Amino acid sequence: AQSVTQPDIHITVSEGASLELRCNYSYGATPYLFWYVQSPGQGLQLLLKYFSGDTLVQGIKGFEAEFKRSQSSFNLRKPSVHWSDAAEYFCAGALRDDYKLSFGAGTTVTVRA
Amino acid sequence: GAVVSQHPSWVICKSGTSVKIECRSLDFQATTMFWYRQFPKQSLMLMATSNEGSKATYEQGVEKDKFLINHASLTLSTLTVTSAHPEDSSFYICSASRTSGSYQETQYFGPGTRLLVL
């Protein structure tokens, strides 16, 4: 079955430090992959997406993600976090011929001063 | 661009009543709209997929008679929770996307509707 896994439930990082959120996928073929961010009580905002081509994807708010086929991963990174980056982050995948998104369980990011 | 709105943003209702939630794509025509449910501290679970002008496709375990979905136009989909009960209390989120040929575009999410059934 297709699935997306986020191994880290909660990550705490200091403001200004780098951040990496892990995402692994299990699909029969290379899926479309997405990272979304959700602030408390809000809907989801698309940070970036990977469909094909360059495996390093740039997104909004200074985020980037790297698709690694050999590791079935699509990890999200940010070189220097800001207090406003504290939120819930969801990785999601979809088959290329099926538009349904499967979400990971999410990773809560806490930013300490 | 690609803005999706939901109304209301939150609603409190008595057990046994029905609640309608609207999802609108404001600046694009949404061929497909999706409805998700999110429990506290949990991920989003897809409830159903609706295509404009046709019946919604429900995910396994979702009661179609309880969660009525209508996608009457390319910019509006509604979710009606019929005879709501406390266990229906949740955060309901819609998303919308366009289809270009066989290519399904990115889903854009609404801000969500928090439902509390007393």
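Throughout, a chain's letter reflects where its sequence line sits, starting with A, and its residues are numbered from 1. Nothing here was measured: the structure is a model prediction, and the numbers come from that model. The analysis underlying the following values was restricted to heavy atoms, covering all of them including side chains, and did not include hydrogens, waters or symmetry mates.
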Toward chain A, the part of Leu44(B) with a non-hydrogen atom under 4.5 Å: both
Counting only heavy atoms closer than 4.5 Å, note whether Leu101(A) contacts chain B via side chain, backbone, both or neither. both
For Phe109(B) and Leu44(A) the tightest heavy-atom approach is CB-O, 3.5 Å
Can you tell which of Gln38(B), Met45(B), Gln6(B) has the highest number of heavy-atom pairs within less than 4.5 Å of chain A? Gln38(B)
Side chain, backbone, both or neither: which part of Glu59(B) has a non-hydrogen atom closer than 4.5 Å to chain A? side chain
Linking I/L/V/M/F/W/Y whenever any side-chain heavy atoms sit under 4.5 Å apart, do Tyr32(A) and Ile60(A) land together? no
Kindly work out whether a path of hydrophobic side-chain contacts (I/L/V/M/F/W/Y, heavy atoms less than 4.5 Å apart) joins Tyr50(A) to Leu48(A). yes
Should we count CD1 of Ile9(A) as having more than 12 external heavy atoms under 6.0 Å? no
Can you check whether Tyr108(B) reaches Gln45(A) side chain to side chain, under 4.5 Å on heavy atoms? no
Between Ser43(B) (side chain) and Gly104(A) (backbone), is there a donor-acceptor pair under 3.5 Å? yes
More than 12 heavy atoms of other residues, nucleotides or ligands under 6.0 Å from NZ of Lys66(B): is that the case? yes
Cluster overlap Tyr27(A) with Phe67(A), hydrophobic side-chain contacts below 4.5 Å: yes
Over 12 foreign heavy atoms within 6.0 Å of NE2, His7(B): no
Which region of Phe103(A), side chain (C-beta onward) or backbone (N, CA, C, O), has a non-hydrogen atom less than 4.5 Å from a non-hydrogen atom of chain B, or is it both or neither? both
Going hydrophobic residue to hydrophobic residue with side-chain gaps under 4.5 angstrom, can you get from Leu33(A) over to Tyr36(A)? no
Of the backbone (N, CA, C, O) and the side chain (C-beta and beyond), which part of Gln38(A) lies under 4.5 Å from a heavy atom of chain B, both, or neither? side chain
